[in-house]
Amino acid sequence: MSLRFALANSLNVAAIKVLERAGGPQSLYDTLQEPHYDLDHPAAYYGLGLTIGNGEVRLLELTSAFASLARLGIYRHSILSCTLRVN
């Protein structure tokens, strides 16, 4: 099975192997800090499990990450807005 297939089908062991080959949890941690994701602990705390989502993020940060994937890796800071309507 190829790594591409495994990642596309959410096979977690393959995702962890990819992170391991890419430099371990510190490399992913550094990448996540660039667009201002606020992880509360150092990379060693999360370990390779950071690949499969064991880091705490806010819902707005998570949706921004998925939107970045849809934009082929281009990150844009999301802003939450609320409109109050009075009838």
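One finds a salt bridge joining Arg58 and Glu61 here, because a Lys/Arg side-chain nitrogen approaches an Asp/Glu carboxylate oxygen to under 4.0 Å.
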Run the side-chain donor-acceptor check on residues 39-50: report pairs under 3.5 Å with partners two or more places apart or on a different chain.
residue, atom, partner, partner atom, Å
Tyr46, OH, Asp40, N, 3.3
Tyr46, OH, His41, N, 3.3
Tyr46, OH, Glu56, OE1, 2.9

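Every residue two or more places apart in sequence or in another chain that forms a side chain to side chain contact (heavy atoms under 4.5 Å, CB included) with Arg76 is listed here: Arg71.
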